[in-house]
Number of protein chains: 2
Amino acid sequence: MSQSQILQSLIAENLVSDPGGARGRLLTEAARLFREKGYERTTVRDLAAAVGIQSGSLFHHFRTKEEILKAVMVETIRLNTALMQAALEAADTNREKLRGLVRAELESINGQTGEAMAVLVFEWRSLSAASQVEVLELRDIYEKLWLDVLESLKNEGALEADPFVVRRMLTGALSWTVTWYKPERGGLTLGGLTDQVMAMMAL
Amino acid sequence: MSQSQILQSLIAENLVSDPGGARGRLLTEAARLFREKGYERTTVRDLAAAVGIQSGSLFHHFRTKEEILKAVMVETIRLNTALMQAALEAADTNREKLRGLVRAELESINGQTGEAMAVLVFEWRSLSAASQVEVLELRDIYEKLWLDVLESLKNEGALEADPFVVRRMLTGALSWTVTWYKPERGGLTLGGLTDQVMAMMAL
DNA sequence: GACAATACCAAGCAAGCGCTTGGTTTGTAA
DNA sequence: TTACAAACCAAGCGCTTGCTTGGTATTGTC
């Protein structure tokens, strides 16, 4: 199943907004602006201007500004969880599964959903506690994919360190690529970067 | 030279504010609040209340709210650069130097300056471009300490990967510890965590 | 065509923000 | 004691923000 088929299926199930529709275009622009200026410094006037409408009209689509932030987060988690599940299904060994996860996460962080992924990290505090709880539930599903694979690697003796610590280190290392990775820099492809990450873990 | 001697020397040189003085107390509280609620959501009224004064009085000490943010960042970079230089001076081999840097950075991120270090990462966008330039100059001195050691390790054959990439991965992995590391969690000390990081790099 | 639903416009509200201003209080030096 | 500087108070300014409200325009359905 290709990436666009996964996306189409999520759209059909109303889990993710169609990027071509009004709501989807707004979320794409919101992710970009929130990433660039920060959620708090992005006004509803900025958001509206980015999609070519007046600010009051946003409130027809979303109840509050915060609901926009939450939707950016929820939708990127859903999409990337589905992409990672697909990467797992395409792999045979635990080592290949981990490689697939690393590759998929690097793609999500440095590709189409890079802005939304960065918003998830940097704008967490602007979510209300109730929204944080909801987003964390989805996030936990995503994290479980990782921990299951790391624990399997530990059980087969391929990994000595604590899976929890390894995942946390990886989260930081991979998330940080958003601040520095550029394909043009020294010809380092995402595949090459994936190789370096795997090598750093002696895997 | 001990940590408190380093701090006293920086205070004497007016590079860092005395934590016991009014300005220093304000910067400590500011780092805490900015970390907790975000810079944009922390009002000057919040800051003033945290140190027990009225909000207008803040402007006796700092020209603008942004100057407070910048001071939090500048002062933590200066302090931690000095601590890392001390760690380098206490080490003999390049491997020990790297270990000293990892340990010192983990201490800065998870210890007294943890809040300010997190503010440096998460609140970067709230700084004006001019302030960013100034803070980056200090940051570059700090980063050069790392790159020099990693390049020495590469030159002696102990490290295969690109020092630039390794440093970036380490920055992410170590910075992320602020979100999850707790000494009580499974008895993992900072020394133990340092060991795990070094092991992950096969060093 | 008629009607309902959806999408958007334009104007402006209430609340809150960073900061100013004129003043008072405290600390220091001569 | 006096003079001055530093630190703080209290009140309020001008501006910005997220959002509401009454309306118009467009789209979809029968």
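Computed from a predicted model, the values in this text were never measured in an experiment. Quick note on labels: first sequence line is chain A, next is B, and so on, each numbered from 1.
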*Does a salt bridge link Asp140(A) with Lys144(A), judged by any charged N lying under 4.0 Å from a carboxylate O?*
no
_His61(B) side-chain N/O to dC8(D) phosphate OP1/OP2 under 4.0 Å_ = yes
*Can you tell me if the side-chain N/O atoms of His60(B) get under 4.0 Å from OP1 or OP2 in dA6(D)?*
no
*Any Lys/Arg nitrogen of Glu123(A) or Arg125(B) sitting under 4.0 Å from an Asp/Glu carboxylate oxygen of the other?*
yes
_Within residues 30-46 of chain A: residues closer than 4.0 Å to DNA chain C (heavy atoms)_ = Arg45(A)
*Please give, in whole Å, the distance from dC8(D) P to Leu47(B) CG?*
14 Å
*Between the side chain of Asp46(A) and the main-chain N/O of Thr43(A), is any donor-acceptor distance below 3.5 Å?*
yes
*Which whole-number value in Å describes the distance from Leu69(A) CG to dG18(D) C1'?*
14 Å
*Mind calculating the distance between CD (Glu66(A)) and C1' (dT17(D)) to the nearest angstrom?*
16 Å
*Roughly, in whole Å, what's the span from NZ in Lys65(B) to C1' in dG16(C)?*
12 Å
*Ionic contact status for Glu105(B) with Arg167(B), cut-off 4.0 Å*: yes
*Where do Arg35(A) and Val178(A) come nearest, in terms of heavy atoms and distance?*
NH2-CG1, 4.1 Å
*For Val135(B) against Trp124(B), the heavy-atom pair lying closest together*: CG1-CZ3, 3.7 Å
*Could you state the CG-P distance from Leu58(B) to dG18(C), rounded to the nearest angstrom?*
10 Å
*With distance as the sole test, does Tyr142(A) use its side chain to make a donor-acceptor pair with the main-chain N or O of Met84(A) at under 3.5 Å?*
no
Give every pair of a protein N or O atom and an N or O atom of nucleotides 9-11 of chain C that lie under 3.5 Å apart, one pair per line with the distance.
residue : atom : partner  : partner atom : Å
dC9(C)  : OP2  : Gln54(A) : N            : 2.3
dC9(C)  : OP2  : Ser57(A) : OG           : 3.2

*asked:* So does Val119(B) get a backbone contact from the side chain of Tyr39(B), meaning a donor-acceptor N/O pair under 3.5 Å?
replied: no
*Rounded to the Å, how far apart are Phe59(A) CZ and dG18(D) P?*
7 Å
*In this structure, are over 12 heavy atoms from other groups packed under 6.0 Å from Glu160(A) atom CD?*
no
